[in-house]
Structure formats: structure tokens, C-alpha cells
Amino acid sequence: MLKRFSIALLAALLCAAAIGAQTPPAQDLHGRYLINHDYRPSASLTKTGWLSDYYPALLGTPGDSKVYFFEGKKPGGTLFVGGGTHANEIAGIMAAVTMLETVKIEVGRVIVVPNLNNSAVMNQEKEPTMPAYTSRGPSWIALDTPSGRRFFKYGSRATSSAQQGIPDPVGGYVHPDSKEAPLAAWEFRNLNRAYPGRTDSGLTQKIAYAIMALLKKEKVDVAFDFHEADVGGRLANMMVANPKNLDIAAAAVVNVDLDYGFTFKLEPSNMEFRGLSHREWGAWTDAASFLTETPNPAMAREADDKADVVNDPQNPLALRVATHLIATEAVVNVFSEMHPDKSIVFSGIPAYEDLLKNGLGPYLN
Ligand SMILES: [Zn+2]
């Protein structure tokens, strides 16, 4: 009897474990997904912090987000890598996560924030005033890794309207320093229109303020903001560089072409168009500032909800993650040659060819 009970119990436990391995994390009583961001840092991790360390008013808000520090034995420069400015741009988040889980630092340090806009990660609203591509896609993606199936949250382009704290402006959003025509009202909740940020405005503006404070306080030398764009559109496979560091971007783009046969488009920031990371980070801090864009199948204008953001044959997630990583590596190498006293030397991240061959899952922890 006891033996049979044990077998039944064991079977039940195994069944529960199997279901657990196949099911994304739960939703809370309000229907919001519980975001625990299952990230598993490499052995080079030296400490973790929060955006609220740089702007304490963010503490306890949905805009607070974890900051991961990786440091080598030899001092050098500081690289900042951010994903999730737009939480529907999953390759941006996953490129930052891949850096976080695999990087080995030899010289200098790397700071990673996988979810720059943590409120957008949780935003499940389909907002009628926002274009369909801004929230189209799954709620989670699943990847099979050496430790089993893992889930990563797929969100929206904008901060949740409920969490922004202030309604979208009637008549459209105008950046306080912009002389341009108003943007759509929801752009008030677009982190990449909010820099350098403000403390007397909505949650999005406060997040931008905290990120800017981090870049200054940590004396970041090279900063990357990973994005995704419409497939086949102008921005796909684009590197955007602040004009002050366009020379570094140009050399890096040539090197990526020579090393990988991969062609990036290159643009300098439009200095009249205010609020964007590459423009404002570069203008307000010492960081050489870059943004990279990869083509996300769910963001194609003609896409529907069935777009496969992981295994699309033309633009698989692994290729898009690899694209952000080779851009980062090339820029860091050029920067380190130009500034030997601020060198940043890292290894461990999966090779471009290996990601294309094996997919992303095998390289995560
Ligand atoms: Zn974006």
C-alpha cells in the first residue's frame, strides 16, 4: 500500500514538475504577470543594484529595474548595455541578457540593464491609439537552455498608462526642449522620447532621469541601447551614433562587414529630434552613445499575432541577438584602440556563427 502510494505521489510530483517546466510564471490577483526576471549572471558578476540607487524616488515603483555589474581584475573603461527601452523589442532584451549570462571581463567593467523600462515589460494593454506593432507579439517567449525551458517576458513599446501617473497630454506629446510638431499623445510614455528625463513628470520621465544619473555617476565610457524595428524598414540593421562618436561607429561598421560579411546601415543622431537615448546620453554625459536596431518579425507592418519572434526563418532571434553583440564588440574594440587607458576587454559571449548554427538557448545558463 505504502509502495503504491509512493509511486502515485512520485507520478503526481513528476507531472507537476513537467507542467511547471512548460508554463510561464503566474499572474497576480489583478491579472498582471508577476515579473521575476529569471536572469542568471555569469561568474564575472561583482554586484547588483537598482535604477532607484541613482534616483531614490523610483524605489517601490514599477519603473525600478535591476542593474548588473561585471568587473575585470584590471581597471579600464566602462561599457553600459541596455535592453528593453521598448519591451516588445525582444532581441534587445535578450542581447542584454546574453551579455549578462555569458560575459567574462578581463579589463574594465560592463554594466547591464536588461529592462530599461520595466513598466513597459508589464504592459499588457492593447491601446487603440497606439499602432498595432507596438504591442503585437506573445506575452512570453520560451527558450530551451542547458538548465531546462526558460521564459522571458515580452511587453509593450510604452509604459503602462495606469503606472505613468499622469494622463497622456491632450493635443499630443512635446518634449520640453523640442521645437518640433507634437508627437502622438502616447509618446509621453515612450522612454526613448523622454531623455534626459525629469523628476516632476510621469514615471517614464523619472526612469529616463534615473538612467541618465547612472550613466553620469558610473562614468560610463561607451553606452549601447538595443532596439528592434520593422522588417525591411529604414531602421532594420541600423546603427545610430551620437555625432560626437560617429567616427567610432563608422570604423566598427567597416570591421563588422570585414569580419562577418554583415552590413549595418549607419546614421548620426538627428540633434533636432529630442529625447532619444543616443542623442541625449551623448549630449549630457561623457559616454560615446550608440543604438542598434534589428528586424523583429512581429513588428513588420503586415505581420499578425502568429509572427514567430524566436524561430522566424529569415530573422531568427539568435541572428538578431548576434547582430547586437557583434556591433557592441566592434565598437568596444575600436574605442579601446583609441583610448588605451579606458580599454574594455571581454570574452565569453557566444560567437556569431555559433548563435546562427545552434540558436540562443544553448548559450544561456
Ligand atoms: Zn525601439
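Order of listing sets the numbers, starting from 1, for every ligand and every atom in it.
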* Asked: Is the side chain of Arg279 donor-acceptor paired with the backbone N or O of Met271 at a distance under 3.5 Å, no angle test?
  -> yes
* To do: Name whichever N, O or S atom of His86 ends up nearest to the Zn ion (ligand 1).
  => ND1
* Assess Glu228: does it contribute an N, O or S atom lying under 2.8 Å from the Zn ion (ligand 1)? => no
* By atom name, which N, O or S atom belonging to His227 lies closest to the Zn ion (ligand 1)? -> ND1
* Asked: Salt-bridged, Glu106 to Lys74, with N to O below 4.0 Å?
  -> no
* Asked: What N, O or S atom of Glu89 is found closest to the Zn ion (ligand 1)?
  -> OE1
* Lys219 and Asp221 ion-paired at < 4.0 Å -> no
* Is there a donor-acceptor pair closer than 3.5 Å between any side-chain N or O of Arg136 and the backbone N or O of Ala298? -> yes
